[in-house]
A.B. asks: 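I'd like to ask you about the structure that follows.
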Amino acid sequence: MAHGTAVVSKVLSKEELCLLEKVAEPCGIVIFGASGDLAHRKLIPSLFQLAKDGVLPRDYYVLGVARTALTDEAFRGKVEEDLRNQADTGLKADFIKRCVYLSGDYGDPKLYQSLDGRLSALDEAHGIHDRHLYYLSTPPQLYEAIAGHLGQAGLAKPRAQGWIRIVIEKPFGRDLASAEALNRSLHEVFREDQIYRIDHYLGKETVQNILMFRFANAVYEPLWNQKYIDHVQITAAETVGVEHRAGYYDQSGALRDMFQNHLFQLLSLVAMEPPSSMEADAMRDEKTKVLHSLRPIGPDEYSRLAVRAQYASGGLNGDPQPAYRSEEGVRPGSTTETFAALRVEVDNWRWRGVPFYLRSGKRLAKRVTEVVVQFKPVPTSVFKPLMADQLTPNILRFRIQPDEGISFGFEAKHPGPKLCLSSVTMNFNYQDAFGVGQPEAYARLFQDVMLGDQTLFSRNDWLNQSWSFLNPLLDYWAEEKQTGLAFYPAGSWGPREADELLTQEDRTWLTK
Ligand code: BG6
């Protein structure tokens, strides 16, 4: 198979239909921030997973860049440590051998001169022709400087038949102005088609499957609108607290950390129109339109439609848990929200009048991410005296994680001489259906960058739109500080106010 070329629809077996199988061209992978947590916990193991899956290019190298002075050998020792759970095979030894290291100060032009020299030597040794992937997994305040230096050193412009791509980790800005400024700086050096803004939720199989479910099946799409859908709920609940990330999180909060990116991506996938194709821009056009259609929320509506809260002390699975304000690194009296809930409406022909309820929080009762679609009740009941609104409505549940799957709830007759109705579920479970676990989201995303496929990455206009929608609320909360911040016990399902967001409209949260 030729490298970088597509093989048209290929039937692998009766059950499996694969599209566009591509193989990436040989390239150099440069990880800035190579001594950091993300690199060792996610990036290196994901790359090795790709090596095991046989989808890395024929030739490649991994060049770690960071401030810490390390030799290639010492870096390889760390990589070996990252892969300690993997069997010692020839493949693993080969992967480790391909890892090399360069240290320097990100603000010093000398680092980029050394990088240039190192890349040329590595390219030559590996027979790679100017194809470089830069992964920025450094603190975000360094993104602009690194991109600028890469530009000045002539390392951002693709040469001859090569390519240069840059991957930016979240957070991408902390508000609209900073996101726009970062975009401007990146665009001074890189074209939009070279920029890959990561949202690891898009790398999750279950998130991508929302598209397959909607557009590869004929049954649900005709029902996918305000005529048949009552409302949609999106929950991303975590049991972990702020962990060791207070320095970042206390300046950020749930709205920036989870809504602006992950939850809005889920919302976009659920609400978007069918794209003209799976091409990156066709997809991203439709997702951006969803955000353009969000009905703006006015300040007089915030207290009714938006909730923010912080965890107080509590308990999880019998273990006492400290309050957020007592966690290490959190500012005393911090008003950062560790939980947020929002009611939004997508004001277009398809969705007019259908509420989308979004919530996410840390230190909640359970780790679960779900999209729940509740259908409207039947128009009238033939089972009188039971009335239509007494029948449990149909519920479609995308179980993003854990227990990955999709289920559909419907009413059935309970066996027996009496006419009794019961709610039952049809269930699809990934593990049972495919017998494999969920691959690491980062692996898929790495692969796509190498293939030059931006479908699963945020485009600048989507991102700006998402910030534009949330920015007024963030400003309002910043001004409001203490007032309006609710508290919830660690290990609970969040504050009462989040429940009221639904109960005021005779609904309840369906993810528990
Ligand atoms: C990250 C957030 O983007 O997503 C974290 O910064 C959060 O605060 C994490 O914990 C959740 O990801 P996942 O894949 O565990 O749902």
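Both counts, for ligands and for their atoms, begin at 1 and track the order of listing. Here the structure is a predicted model, which means the values were calculated and not measured.
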A.B. asks: Closer than 4.0 Å to some heavy atom of Lys170 - which atoms of ligand 1 meet that?
C.D. replies: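 Answer, ordered by atom number: 1 (C), 2 (C), 3 (O), 6 (O).
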A.B. asks: Using a cut-off of 6.0 Å, state whether more than 12 heavy atoms not belonging to Glu328 lie near its atom CD.
C.D. replies: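 Check fails, neighbour count at 12 or below.
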A.B. asks: What atoms of ligand 1 come within less than 4.0 Å of a heavy atom belonging to Glu238?
C.D. replies: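 Listed by number with element, the hits are 7 (C), 10 (O), 11 (C).
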A.B. asks: Under 4.0 Å, heavy atoms only, figure out whether ligand 1 is touched by the backbone of Tyr249, its side chain, both or neither.
C.D. replies: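 Tyr249 to ligand 1: no contact under 4.0 Å from either part.
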A.B. asks: Does Thr369 reach ligand 1 with a nitrogen or oxygen that is under 3.5 Å from one of the ligand's nitrogen or oxygen atoms?
C.D. replies: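 No; every N/O pair is 3.5 Å or more apart.
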A.B. asks: Show the nearest heavy-atom pair for residues Ala147 and Leu186, with the distance to one decimal.
C.D. replies: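 Of all heavy-atom pairs spanning Ala147 and Leu186, the closest is CB-CD2, 3.7 Å.
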A.B. asks: Relative to the heavy atoms of Asp257, which atoms of ligand 1 are at a distance of less than 4.0 Å?
C.D. replies: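 Contacts of ligand 1 toward Asp257, numbered from 1: 2 (C), 5 (C), 6 (O), 8 (O).
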A.B. asks: Which value, rounded to the nearest 0.5 Å, describes the distance between Phe32 atom CZ and Leu150 atom CG?
C.D. replies: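 Reported to 0.5 Å precision, the distance equals 4.5 Å.
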A.B. asks: Is Lys204 positioned over the aromatic face of Tyr201, cation under 6.0 angstrom from the ring centre and no more than 45 degrees off axis?
C.D. replies: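 So Lys204 does make the cation-pi contact.
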A.B. asks: List every atom of ligand 1 that sits less than 4.0 Å from any heavy atom of Lys204, numbering the atoms from 1 in the order shown and giving each element.
C.D. replies: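 Under 4.0 Å from Lys204, ligand 1 has these atoms: 13 (P), 14 (O), 16 (O).
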A.B. asks: For Lys362, counting its heavy atoms only, list the atoms of ligand 1 lying under 4.0 Å from any of them.
C.D. replies: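 The list of qualifying atoms is 5 (C), 7 (C), 8 (O), 10 (O).
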A.B. asks: Go through ligand 1 atom by atom and flag the ones less than 4.0 Å from a non-hydrogen atom of His262.
C.D. replies: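 In order of number, 1 (C), 3 (O), 4 (O).
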